[in-house]
Amino acid sequence: MSEIGSDDLKAMLLAIAGRIADSRERLNRLDAALGDGDHGASISAAFEKAAAEVDVLRDPLPSDIWLTTAQSLMNGMGGASGALFGTLFLKGVAPIHGKERLNKADFDELWRASLAGVKARGKAVIGDKTMVDALEPAVLAFAAKDNIADAWAAAAEAASYGAESTRELIARQGRARYLGQRGIGHQDPGATTIALMFEALDSYWREMTNGKT
Ligand code: ADP
Ligand code: MG
């Protein structure tokens, strides 16, 4: 099993939405410490809506699933991160456009484009205490593995480590930058959401391949 079709991709989005919904309160608490406390509520509602919209697509291509998700996140979520999470999915559409199944190389291109899009839109770099601190290491770790199962696992681990690394940082982007030093000791909520996303993808992949091999 080395290629992913639309049914699995739909299920992967549902898995992301489920994982984020389960973490709603934790994400709200993290954002209460560093921002305005809405991140868990808004990201979980936005992914729930995206998953519902994806679920009713008929015979979608992978790029249709990614585009619907992007549009739903952009429309369904206010604030800085609605546009950024929307961009993350939107920039993944072109590299997979028209493909019926996605292989490791397709995901490499997808994630690379997503990362570039988020960085261009938000102007954050590694160390700014944002979602980029989880996303960039995850994308690099994914690309560094040859096989897709190893790539999901490595990406999830790197994202989680990256999210944890934000705890000791002083924010240079987003609302948390107004806190300066006082933000030290608190993990960035957006980076945590990225880690949850890659954890959900890795878990889904492992469950799926265990069942089929
Ligand atoms: P808001 O700050 O508008 O309330 P959220 O609470 O939903 O939005 O999301 C906050 C998260 O957005 C932060 O934890 C951070 O990861 C991310 N973020 C904010 N600004 C930027 C940026 N310029 N680039 C990348 N990520 C950012
Ligand atoms: Mg917020």
Side-chain angles (χ1 to χ4, degrees), residues 13 16-51 69-92 110-142 155-156 158-201:
L13 261 168
I16 293 173
R19 179 73 64 117
I20 289 175
D22 290 345
S23 307
R24 185 177 185 274
E25 300 312 320
R26 176 178 172 224
L27 294 169
N28 276 342
R29 278 198 303 277
L30 293 175
D31 195 35
L34 288 173
D36 56 359
D38 66 347
H39 184 68
S42 56
I43 193 80
S44 62
F47 266 104
E48 192 180 329
K49 183 165 162 284
T69 303
Q71 289 168 337
S72 185
L73 293 177
M74 281 185 173
N75 298 334
M77 200 178 163
S81 68
L84 290 163
F85 279 97
T87 297
L88 194 160
F89 282 86
L90 188 64
K91 293 295 175 181
L110 180 157
W111 291 128
R112 233 187 272 280
S114 298
L115 172 65
V118 167
K119 290 177 79 173
R121 176 118 199 187
K123 307 276 183 283
V125 296
I126 282 276
D128 283 353
K129 197 174 178 108
T130 72
M131 63 176 81
V132 171
D133 290 312
L135 183 60
E136 182 154 320
V139 171
L140 296 179
F142 187 93
S160 163
Y161 189 80
E164 282 165 25
S165 79
T166 62
R167 194 181 295 274
E168 301 313 320
L169 296 173
I170 298 175
R172 286 191 292 257
Q173 292 287 351
R175 291 179 198 276
R177 73 185 184 281
Y178 302 120
L179 286 179
Q181 302 257 4
R182 283 175 294 142
I184 293 177
H186 301 286
Q187 183 168 320
D188 180 67
T192 308
T193 293
I194 296 287
L196 292 166
M197 189 178 101
F198 280 98
E199 281 165 24
L201 292 171

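We count ligands from 1, going down the list as the structure has it; atoms in each ligand are counted the same way. Bear in mind that the values here come from a model prediction, so they are computed numbers and not experimental data.
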Heavy-atom proximity to [atom], best of [options]:
atom: atom 4 (O) of ligand 1; options: L88, D36, T166, V132; value: D36
atom: atom 8 (O) of ligand 1; options: S81, A163, A176; value: S81
atom: atom 27 (C) of ligand 1; options: L135, L27, I194, L84; value: L84
atom: atom 20 (N) of ligand 1; options: A46, A32, G174; value: G174

How far is [atom] from its nearest protein heavy atom, and which residue and atom name does that atom have?
atom: atom 17 (C) of ligand 1; answer: M131 CE, 3.8 Å
atom: atom 23 (N) of ligand 1; answer: G122 O, 2.8 Å
atom: atom 14 (O) of ligand 1; answer: D188 OD1, 2.5 Å
atom: atom 1 (P) of ligand 1; answer: R175 NE, 3.4 Å
atom: atom 3 (O) of ligand 1; answer: A80 N, 2.9 Å

For residues [X] and [Y], determine if any side-chain heavy atom of one lies less than 4.5 Å from a side-chain heavy atom of the other.
X: L30; Y: H186; answer: no
X: F89; Y: L110; answer: no
X: Q187; Y: R26; answer: yes

Considering only heavy atoms, does [X] approach ligand 1 within less than 4.0 Å through its side chain, its backbone, both, or neither?
X: K123; value: neither
X: H39; value: both
X: V118; value: neither
X: D128; value: neither

Going by heavy atoms, is [X] under 4.0 Å from ligand 1?
X: P189; value: yes
X: I43; value: no
X: M77; value: yes

Show the atoms of ligand 1 that are less than 4.0 angstrom away from any heavy atom in [X].
X: A124; value: 24 (N), 25 (C)
X: G190; value: 13 (C), 14 (O), 16 (O)
X: D31; value: 6 (O)

Nearest 10° is fine: what angle sits at the Mg ion (ligand 2) between OD1 from D38 and OD2 from D31?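 That angle is 80°.
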
Inter-residue atom distance L115.CG - T87.OG1, 0.5 Å rounding: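 If I round to the nearest 0.5 Å, the distance is 12.0 Å.
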
For the atom pair CZ (R121) and NZ (K91), what is the distance rounded to the nearest 0.5 Å?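 Separation between the atoms: 9.0 Å.
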
Which atom name does D36 have for its N/O/S atom nearest to the Mg ion (ligand 2)?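 So the atom name we want here is OD1.
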
Polar-atom distance check: D38 versus ligand 1, any N or O pair below 3.5 Å?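 The answer is yes, given that D38 and ligand 1 share an N or O pair closer than 3.5 Å.
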
Is a donor on one side and an acceptor on the other found under 3.5 Å between the side chain of [X] and the backbone of [Y]?
X: D128; Y: A124; result: no
X: R177; Y: G174; result: yes
X: S44; Y: A21; result: no
X: N75; Y: Q71; result: yes
X: N28; Y: A41; result: yes
X: T166; Y: D188; result: yes

Are T130 and Q173 linked by a side-chain donor-acceptor pair shorter than 3.5 Å?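 No - no donor-acceptor pair under 3.5 Å links their side chains.
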
For E48, I'd like to know if atom CD has over 12 heavy atoms of other residues, nucleotides or ligands within 6.0 Å.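 No, the 6.0 Å shell around CD holds no more than 12 heavy atoms from other groups.
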
